[in-house]
> 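The structure is given below, and queries will be raised subsequently.
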Amino acid sequence: MGNINLLISNAADIIYKSKFTIALTGAGISVESGIPDFRSEGGLWSRFDPSEYATIEAFRQDPEKVWKMLKEMDEIVSGARPNSAHIAMGEMEKMGFLHYIITQNIDNLHQEGGAKNVIEYHGNSSTLSCLWCGRRYRSIEKKGEYPPKCHCGRVLKPDVVFFGEPIPVDALHKSYELASKAEALMIVGTSAVVSPANSIPVIAKQNGAKLIEINLENTHLTNSITDIFLKGRAGEILPALLKELKSRIH
Ligand code: NAD
């Protein structure tokens, strides 16, 4: 434990000195809110293989089948609440220690945890689109309808990025701009294998940012470009980091 405390203190020094800090978050930050990541045993993804259910080809071929997974995901996400990691990051933003969060998640928990500057790199599920006629709906209009259908009779798709789909262009450009000017980047709960989100740490590092990684396990970044690796649960590490930051201003 002694070693982790020293590492948290070193990470706090970096963030305290940095004039522009951003974060990249992934499914791991929401595991403690009850939303499984791709690795959680016995979770959603052990029954719905992402390569079979989360690709755009799968949706085009059999949208009813994909909606079986989306319905369960909707139910899990709608019952989830932000955990201490989301809340600590929201407070870091309020205190001026964190300027933007780029999240790969579609669960809205950063916003519910108090963060305002959130870039949803993989979109969000508050709107639905028809891939066939282009019509768009607010999800609330179709609440409880499974699968939700368009005026034209086809099944609607939530505006989240499926594997094989492009990143929303505004999110892509903004993230690139932020990664290019960040002095520090926190990488939280992501295996950093999904492209192109995994280019964000590389761009930040090339432009001189310090990389602080928070994860339960080593990733391919840990022994390559990460500067400080804080091994543990995001829900414990982030509040501890916030406490260290607060101690520097009192
Ligand atoms: P991933 O499942 O590939 O990796 C999750 C990472 O989080 C792993 O490295 C794991 O060790 C780590 N982790 C798990 N629990 C943790 C905890 N309590 N504290 C710290 N780290 C923890 O997820 P990914 O890299 O985000 O890529 C999967 C893709 O699927 C992304 O686009 C992701 O957003 C999406 N997805 C989103 C949700 C969501 O919105 N909550 C859930 C599942 C998948």
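Atoms within a ligand are numbered from 1 in the order they appear, just like the ligands themselves. Quick note: numbers below take in every heavy atom, side chains included, and nothing from hydrogens, waters or symmetry partners.
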> Just checking, is any N or O donor in the side chain of Glu213 or Thr219 under 3.5 Å from an acceptor N or O on the other one?
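Indeed, the side chains of Glu213 and Thr219 share at least one donor-acceptor pair under 3.5 Å.
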
> Could you give the side-chain donor-acceptor pairs of residues 228-242 under 3.5 Å, partners two or more places apart or in another chain?
from: Lys231; atom 1: NZ; to: Leu216; atom 2: O; distance (Å): 3.2

> To the nearest 0.5 Å, tell me how far Ile22 CD1 sits from Glu183 CD.
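Here the interatomic distance stands at 11.5 Å.
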
> I'd like a table of donor-acceptor pairs (distance under 3.5 Å, sequence neighbours excluded) in which one partner is a side-chain atom from residues 134-144, with atom names and distances.
from: Arg135; atom 1: NE; to: Tyr137; atom 2: OH; distance (Å): 3.3
from: Arg136; atom 1: NE; to: Asp159; atom 2: OD2; distance (Å): 3.2
from: Arg136; atom 1: NH2; to: Thr127; atom 2: OG1; distance (Å): 3.3
from: Arg136; atom 1: NH2; to: Asp159; atom 2: OD2; distance (Å): 3.2
from: Tyr137; atom 1: OH; to: His151; atom 2: N; distance (Å): 2.8
from: Ser139; atom 1: OG; to: Ser125; atom 2: O; distance (Å): 2.5
from: Ser139; atom 1: OG; to: Ser126; atom 2: O; distance (Å): 3.1
from: Ser139; atom 1: OG; to: Thr127; atom 2: N; distance (Å): 3.4
from: Glu141; atom 1: OE2; to: Arg138; atom 2: N; distance (Å): 2.9
from: Lys142; atom 1: NZ; to: Lys149; atom 2: O; distance (Å): 2.8

> Non-hydrogen atoms closer than 4.0 Å to ligand 1: which protein residues do they belong to? List them by chain and number, please.
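If the criterion is a heavy atom under 4.0 Å, then ligand 1 touches Gly26, Ala27, Gly28, Ser30, Val31, Glu32, Ile35, Pro36, Asp37, Phe38, Arg39, Trp45, Met73, Gln104, Asn105, Ile106, Asp107, His122, Gly189, Thr190, Ser191, Ala192, Val194, Asn215, Leu216, Glu217, Gly232, Arg233, Ala234.
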
> For Arg154, which residues count as a salt bridge (charged side-chain N to carboxylate O under 4.0 Å, His left out) partner, sequence neighbours excluded?
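Arg154 satisfies salt bridge (charged side-chain N to carboxylate O under 4.0 Å, His left out) with no other residue.
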
> Indicate the ring-plane relationship of Phe20 and Tyr100, choosing parallel, tilted or perpendicular according to the 30° and 60° boundaries.
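Rings of Phe20 and Tyr100: tilted, 30 to 60°.
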
